[in-house]
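Since the structure comes first, as structure tokens, the remarks are kept for the end.
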2 protein chains.
Amino acid sequence: MRRALQIINYNDDTEELARYAKALGHPTRIEILKYLENQSCCFTGDLVEVFPLAQSTISQHLKELKDAGLIQGELKPPKIKYCINQENWTKAKLIFESFFKKHDYTTAYLPKT
Amino acid sequence: MRRALQIINYNDDTEELARYAKALGHPTRIEILKYLENQSCCFTGDLVEVFPLAQSTISQHLKELKDAGLIQGELKPPKIKYCINQENWTKAKLIFESFFKKHDYTTAYLPKT
DNA sequence: ATCCCTTATCGCAAATATACGATTGATTGT
DNA sequence: ACAATCAATCGTATATTTGCGATAAGGGAT
């Protein structure tokens, strides 16, 4: 994405929240995660059968979820088993929680900036 | 965004979550919301002073937040007062909560599909 | 080494997103 | 009616995203 002429340095929490949110910002990726939540894990091929999308497209969405840290792949030759990345999942959960909580309890909000 | 040749109809919850997440998927918009949380409300001009971005850029981000339903504008001539849209904010909060909760309590997950 | 299965990556096209400056539009006050 | 103020929109440039088909890459089995 194009950056402002003057580079803006947001604090880490903001960047992290935006990164997770961006990864969740597509219905297909939400559905993939919901699928993973139910199955606990799955293979790329499973998703290709579930979604009317090309294999390369599914792979791309998985890559984005992986890059965001929300899922992780495990080699199970000849397939790859994808699972939710528990650690980051919890992290994301907490970041979203704290973000939304702030408005309820303003006094609990301690901004970094 | 380009759609698949075969149109995919995701369920409403998925679309809504993705819509909120997409709106949150940019650090500037996160910061705007944090600012709104602290100030409870603000004018566009306030933000233009806070962020090193052009007025048109700020306005565009506000539009996206408004389109997503997260904020609302109120005419306070000659300015426009922006506040968080309480109703949708709560809605978003709950949708995110339920999305992240699912993995903790699988049995509580009742998928529509 | 070769083949097979599975998934990732490449190359391309089209749509969206992000940013800016300039202009328009709306409203208040003179 | 006119000017001033503030925010939205337009036009433009560039970057990113989304999707596809085709190809490459990795690993096991023959």
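Quick caveat: nothing in here was measured; it's all calculated off a predicted structure. Here is how names work: the chains are called A, B, and so on, in the same order as the sequence lines, proteins then strands, and each is numbered from 1.
- In the set dG19(D), dC20(C), dT9(D), dG19(D) carries the atom at the smallest distance from any side-chain atom of Leu53(A).
- Of the residues in residues 66-76 of chain B, those lying under 4.0 Å from DNA chain C by heavy-atom distance are Leu75(B).
- Residues satisfying the side-chain hydrogen bond (donor to acceptor under 3.5 Å, both in side chains) test with Thr14(A), not counting sequence neighbours, are Asn11(A), Glu31(B), Lys34(B).
- Each of dA8(D), dG21(D), dC20(C) was ranked by its minimum atom distance to the side chain of Thr44(B); first place goes to dA8(D).
- Scored by the side-chain hydrogen bond (donor to acceptor under 3.5 Å, both in side chains) test, Lys81(B) finds no partners at all (sequence neighbours excluded).
- Taking side-chain N and O atoms only, Lys22(A) has no distance below 4.0 Å to OP1 or OP2 of dA17(C).
- Side chain of Ser56(A), nearest nucleotide from dT18(D), dA8(D), dA22(D): dA22(D).
- Each of dT7(C), dA8(D), dG19(D) was ranked by its minimum atom distance to the side chain of Gln60(A); first place goes to dG19(D).
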Please table the atom pairs, donor to acceptor, closer than 3.5 Å between any side-chain atom in residues 62-78 of chain B and protein atoms at least two apart or in another chain.
residue	atom	partner	partner atom	Å
Lys63(B)	NZ	Asp67(B)	OD2	3.4

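- Partners of Phe96(B) by ring-ring contact (aromatic ring centres under 6.0 Å, His included), not counting sequence neighbours, listed by chain and number: Phe96(A), Phe100(A).
- Counting distance only, with no hydrogens placed and no angle test, the side-chain atoms of Gln55(B) and the base atoms of dA8(D) include a donor-acceptor pair under 3.5 Å.
- Put simply, His26(A) has a side-chain N or O that comes within less than 4.0 Å of OP1 or OP2 on dG19(D).
- Summarising the geometry, the separation between NZ on Lys63(A) and P on dC20(D) is reported as 18 Å, rounded to the nearest angstrom.
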Check nucleotides 3-5 of chain D for protein N or O atoms closer than 3.5 Å to its own N or O atoms and list the pairs.
none

